[in-house]
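Below: the structure, in structure tokens.
Every value quoted in this text rests on a predicted model; they were computed, and no experiment measured them.
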Amino acid sequence: MRQAELTAQKDYWAKSACKMCIHSCAIRVHVVDGVVVKIEGDPDNENNKGKLCPKGQAGIMRLYDPNRVKTPLKRTNPQKGIGVDPKWQAISWEEAYDITAKRLKKIRDEDPRKLLVSINDFHRIHIWGWGAAFGSANYFSTVGQYCGAAYHPINGTLDGSFACTNDYEYCNYWIQIGGGDGFSSHLHVAGSIKRMAEARVNRGMKVVVVEPRMSTGGAKADEWIPVLPGTDRAFVLGMVNVLLHELNIYDAEFIKKHTNGPYLVGPDGNLVRDPETKKALVWDAGSDSPKAFDDESIQEYAIEGNYTVNGVKCRPSFQVIKDTLKDHTPERMSKICTIPAETIRRIAREYGEAARIGSTIVIDGKEYPYRPAGVNYYRGAIGHVDGGLDSLAMKLINLIIGNIDVPGGHIGVGLDHRCLIVEPGADGMIKPQPHLLHPPYDYANNPYSFQLMEWFPIGIDPGHLSADNILNPEKHGFDFKPEALIIEHSNPMWNLSATDKVMEVFKRLDFIVAIDVVLNESTEWADIVFPDHTYLESHLLVDIEPPVITGHVYRRPVIEPLYDSRDATDILTELAARIGFLEQWNGLLNFTVFLKPEYYLQPDKKYTNLELTDRMAKSIYGPDHGLDWFQENGHTVRHQTLEEMYMPYREHRIPIYFNFFKETGDDLQAKMKAAGRKWDTSSYLPIPVWRDSHPLHNLPSEYDLYAFAFKETLINFSESNSVPWISEAMENIPMHMGVMINTKTAKAKGIKNGDTIRIQSPFGEVTGRASVVEEIHPGCIALSNGISRWSNHPIPKKSNTHFNRLLPADVKWTDGMTGHLETSTKVKIFKI
Amino acid sequence: MHLGMVIDLKRCVGCQACTIACKSENGTPPEVLFTKVLEQVAGEYPIVKKKFIPVLCNHCEDAPCVRVCPTGATTKREDGIVLVDHKKCIGCRACYVACPYKNRIFLKRGSLKNGYFGKQLTPFEKVKYPKWQEGVVLKCTFCVERVDQGLDPSCVQTCPADARIFGDLSDPGSKVSRLIRQRGGFQPLSEDNTEPSVYYIE
Amino acid sequence: MAKTTPLVGNEFVSGFRLQTEWATLIAAAFFFGKIGSGLFIMSLFTHSWVGALVGLLIVLIGKGGAHLLYLGRPERFWRGLTKPGTSWVARGFWAMMIMMVSGTLFLIFPAGSTANSVFAFIAGLSAFVVAIYDGFLMNSSPSIPLWNTAMMPVLCLFYSLLGGTTLSLFLIEFGFVQVAIETVFLSNMEIVLLLTNLIIMVLYLLSMTNATAAAKESLRLLIRGTFALPFFVLALGIGLIFTLLMSYFVGVHGGAGVVGLITAADLVGHYFLFYLLLRVGVYKPVLGQLTM
């Protein structure tokens, strides 16, 4: 039904897409006399099958929040600070555009690098490059990178995926490390909770959760294994050691056939190549000779043994992995992660046996390997210095039982409707895809982005580095200063670490412009604010990180916009036009909106969001599937086909030995040396190992407790606790209202439940109320995001318990390989 | 027809989707929650267990609230749903102390003057609040308007884990009856002889 | 924390929960109802017209007023008469109505007449119901184990008799009434009732020490927790011990001041005992206690 026809009715249900988190469940919204009275999940959609999480239900209170930005605003109070009243003045769109465009044009003409960019609307990934089109490579936020920097590039390198999950439909033994998949958070919560419940209750799938705190998953799991923050890799490598060296359980056939396990590796860690063809060599055990990897005469790929090729000693990479991890014994790993050695052994055995190596399954007439065991993980496991190695370890434990993208096992999840990006790469491998979110930055001797993205060739923007580089430009030789900041659907002051430094940056900025629905800690500092539509008032085709399904949900306005707001895409287009880079902007959109050449945008024409959506629909789904089609049919969501989900890499090999990382690191090191710059590339390793040099575990012993932040379903991602229904429920849940401390730890420090405590890390300090509980590892404390807000918005309780204050933000505390910031720290606490 | 609900404690993940869906469906004012999910923790680290327990009005067959209500405002329908006629309720709150589950909520004076954003009622609240009156006792109605249209209550409809199942307890072939048989359903506080229509399975 | 069942407020945590609706006004209503009907009944025995009138007024204004103030919709109070078949609230309301009407008629008709005797009987019976019905009301549901005991109406009955006796003595001492029986008899009755109530109360609480968990939690709150101070000082100390000692060792011989003091102490203790019993009413956790 057409939009005008829809909203003209008195009583109707409109289908649309939720936006209360970064994923997009399909919803249906009941409108009576123009008032939204209910939001439910759309039962006709394969994504969430009619289910909707608490946040989705609470969207009504976001729509009708009287504190929304209703018109363009101009700040009249020159003073900026916490709790300060900006004294907003409502202005016209023309004035807002004029002021902003003039100011930013001036910057662009002088030096576009002076613009800081914080555009993190996860449903509108197509606009993230607005800053790049403007000419600024800066990224001033930690959004996707607080959880994803050490996650996504490794996923992409393994199998062209962006995220990952285990196979809800066939898995029997699911180990979950540091993430809430299927219980409280991450990919498509409503649908994932449903699938996880089906698997556990109908199929009896066993779940083991490894986490320092008993999260929802920990509570539901068959076994909760407490672990110290930042040591999950030790646990996993201990398991790998047991499988490879004690139990001899590994999928030799999978490794031989589908990975670079057989590829010979020399003493320098690089692949051994034929001197003429440069092809990677393997050892043919049948003929007892080295051959090129694609030689058709190979009878039997060797994955173990020691060989000599052209006088060079070498081993198949799988042998190198075995040898390297030989000293990662359960006893040694246990000392690091505090999980008992016998538990490491037992879980490894259960996992290895559950994997049923060698078995197959027939689905819809097609035969696949059947490996119903997997390890899934997310931020808690990998959000650390050496996070890239954490991710590698998580992949390795899956790789050795041969469960990558097979029924029951560890399944790659695409960023969008394209699912996994499988392209041929070098040496018969798939092409690594570490840059699915945006293209890589070219290396440069002198930095041109405050987050130093040019020095993280396989990373994701380390936005947390920006503040330090802005305040101390001489460290890395920055010859430009930021003057302005544009914020769209982001909260950098809150989401970045080293909060005081970030605030100092904000103070030094001349001009801050924001586009959003409600104001937050960051946008209260803005000079100009543009009102965006809420998700219930806007158009978009959305398909973000879908596990199991693919296809777009169509978001459409369910009512006419309440206020004088406009779509953020349109606002940015207008600004681009006035500032003078419409051509670059349209060029970017051609790419980010997936347009086919016949629908490419003319460089000098402004296109509305509606027009873009229509062209995108036609480009992806065909000329008769434009906006008209979506207005009638609502979505193109369907279950992934077997080909999309299982072994899409079939014609290529996937890495088990990640030489790509090593080669990238070596290349970077060479460039840095040539530039005369010291840069630590020691974490660019092809095999995950435990490194005792980890700075988190080497902090002075006076900081005796680990600390980290957490969320649960109600406050997943963002858009949460300024919504009153959500905050009301959350405030009734004790773990969100205090700092979780183990009973014994509290007793030893003379702290009782409800006491106010001071929490000091080497980098910052906060205060909070103690919540003394049993369900947390005695070696750490946990701070919910529920008590971390301080904005002027009347709903969230203001509190000085913002975890990010305790975190540092510099290169030392950043994962060298991926740019992930260290998301845990160590603290000392005492009663006030 | 005996309408009832089964709550599958193995499925529930304590997400509170039901809590908020109920609030959205009914438009209840602040602090009024017809259903919610409680947590329960036992043990000593590292041997700890945590359970999530959704609670709501049990629409008891032998409801103490129906018995004790002096005005007949609280009654039980043929199909088992226990309802409060707000026009008859005098707000004596005898039902509140009689309900063993503490599921009855008194809407005190002034409750409907404020919405979630203070004195400014949102358009949503302006539509929903006229359903209620101050000075009377409210509770879960099993979403009686939805049930009368053949739909499930809101909490059941939205639960991502499908942890709430609604149906006819008097029909041995219904899903609720089968679940109670197969998984050993038990009533909350069954020793209080209230004969709840809500069963839990583990 | 995880070893015992916690006492929770509105948080989403399973545990013992206090009832929070019945407090000051309901305690007052029950209090006035008991002492008013107790006085009325005693006045029937002491043949005191003024005492009976005062008793009726205490019930009408004190109990009736407190109830009206408490109701969420007081303008509909008459609906409370609808269901005496199942509801102790309605029954109590009927009893109160009957007591008012028949009591008034009793006062109007001259002493000795048949009408007077008939109405005296009806009024006395309904006053008896008014005196104890709140005990039956609190007992009528297993929801709050502390109240779900046969001791509750017994406690109500004896407290109402005590209240009636105390008030009778007060009215006599201050010259408001003339009675047909010896003051000494009343004053001995008072001592006996004080002692009886003390014993009943102790027995009641003792019986709760071996009762179910929620009742024990109520008991804990009453004698060791947040409400221990007012319980021991006001309900027990002033209400029973002080009054008992004063009545035994001094009694009416002490004069108007002492009698006034004893009356005040008794009434204060009476009010607070039932107020506190209301306040420490604890519900059971819905799915019991999780243990490892």
For B:Glu78, does the CD atom sit with more than 12 other heavy atoms under 6.0 Å from it, leaving out its own atoms? no
Please determine whether the number of non-hydrogen atoms from other residues, nucleotides or ligands lying under 6.0 Å from atom CD of B:Glu31 exceeds 12. no
B:Lys175, NZ atom: more than 12 neighbouring heavy atoms under 6.0 Å: no
Pair B:Tyr45-A:Ile776, side-chain contact (heavy atoms from CB on, under 4.5 Å): steps then yes or no: CA-CA 7 Å; B:Tyr45 179 89; A:Ile776 186 169; over 6 Å; no
Among the options A:Pro43, A:Ala729, A:Gly50, pick out the one with the most heavy-atom pairs lying under 4.5 Å from chain B. A:Gly50
State whether the side chain of B:Gln16 and the backbone N or O of A:Pro54 hold a donor-acceptor pair below 3.5 Å, judged by distance alone. no
What residue in B:Ala163, B:Gly118, B:Cys159 has the most heavy-atom pairs under 4.5 Å with chain A? B:Cys159
For chain B, find which of A:Lys220, A:Lys194, A:Met730 contributes the most heavy-atom pairs closer than 4.5 angstrom. A:Lys220
Rounded distance (nearest 0.5 Å) linking atom CD of B:Glu125 with atom CD1 of A:Ile60: 10.5 Å
Answer yes or no: is there an ion pair linking B:Lys49 with A:Glu775, defined by an N-O contact shorter than 4.0 Å? no
With respect to chain B, which residue among A:Met196, A:Glu198, A:His30 yields the maximal number of heavy-atom pairs within a distance under 4.5 Å? A:Glu198
The interface call for B:Leu33 against chain A, heavy-atom contacts under 4.5 Å, is side chain
Could you grab the distance from atom CD1 of A:Ile193 to atom SG of B:Cys15, nearest 0.5 Å is fine? 4.5 Å
Measuring heavy-atom distances to chain B, does A:Lys744 have an atom under 4.5 Å in its side chain, in its backbone, in both, or in neither? side chain
As an exercise, state the distance from OG of B:Ser154 to CD of A:Gln57, rounded to the nearest 0.5 Å. 7.0 Å
Taking NZ in B:Lys108 as the centre, count heavy atoms belonging to other residues, nucleotides or ligands within less than 6.0 Å. Is the count above 12? no
Would one find more than 12 heavy atoms of other residues, nucleotides or ligands at under 6.0 Å from atom NZ of A:Lys797? no
Nearest 0.5 angstrom please: B:Ile20 CD1 to A:Met61 CE, how far? 11.0 Å
Chi angles and distances behind the ring pair (Phe, Tyr, Trp, His ring centres under 6.0 Å) call for A:Trp725, B:Phe124: CA-CA 13 Å; A:Trp725 290 351; B:Phe124 170 86; 5.4 Å; yes
With chain A, the option among B:Ser24, B:Pro46, B:Gly27, B:Pro123 that has the most non-hydrogen atom pairs under 4.5 Å is B:Ser24
So, for B:Ala21 and A:Lys38, which heavy atoms are closest and what is the spacing to 0.1 Å? O-CE, 3.7 Å
Taking all non-hydrogen atoms of both residues, which atom of B:Ala17 and which atom of A:Cys53 are closest, and how far apart? CB-C, 3.8 Å
Kindly compute the distance separating CG (A:Asn202) from CZ (B:Arg11), expressed to the nearest 0.5 Å. 5.0 Å
Need one label for B:Lys128: side chain, backbone, both or neither, based on atoms under 4.5 Å from any heavy atom in chain A. side chain
Which of the residues A:Asn48, A:Val36, A:Asp65 is involved in the greatest number of heavy-atom pairs with chain B at under 4.5 angstrom? A:Asp65
Side chain B:Thr158, main chain A:Leu52, donor-acceptor under 3.5 Å: yes
Is it the case that over 12 heavy atoms from other parts of the model lie below 6.0 angstrom from the NZ atom of A:Lys747? no
Please report the shortest heavy-atom distance between B:Ala161 and A:Ala197, naming the atom on each side. O-CB, 3.6 Å
Report yes or no: does A:Lys51 contribute a side-chain atom to a donor-acceptor pair with the main-chain N or O of B:Gln157 at less than 3.5 Å? yes
How many angstroms lie between CD in B:Gln120 and OH in A:Tyr64, if you round to the nearest 0.5 Å? 14.5 Å
Chain B shares the most heavy-atom pairs under 4.5 Å, among A:Thr713, A:Leu562, A:Val201, with A:Val201
Could you tell me which of B:Pro30, B:Gly14, B:Gly115, B:Cys12 has the largest number of non-hydrogen atom pairs under 4.5 Å with chain A? B:Cys12
I'd like to know if the side chain of B:Tyr116 pairs up with that of A:Glu728 as donor and acceptor (distance under 3.5 Å, no hydrogens or angles considered). yes
Can you tell me if NZ on B:Lys87 sees more than 12 non-hydrogen neighbours from other groups inside 6.0 Å? no
Quick one about A:Thr216 and B:Lys50 (side-chain donor to acceptor, distance below 3.5 Å, no hydrogens or angles considered), yes or no? no
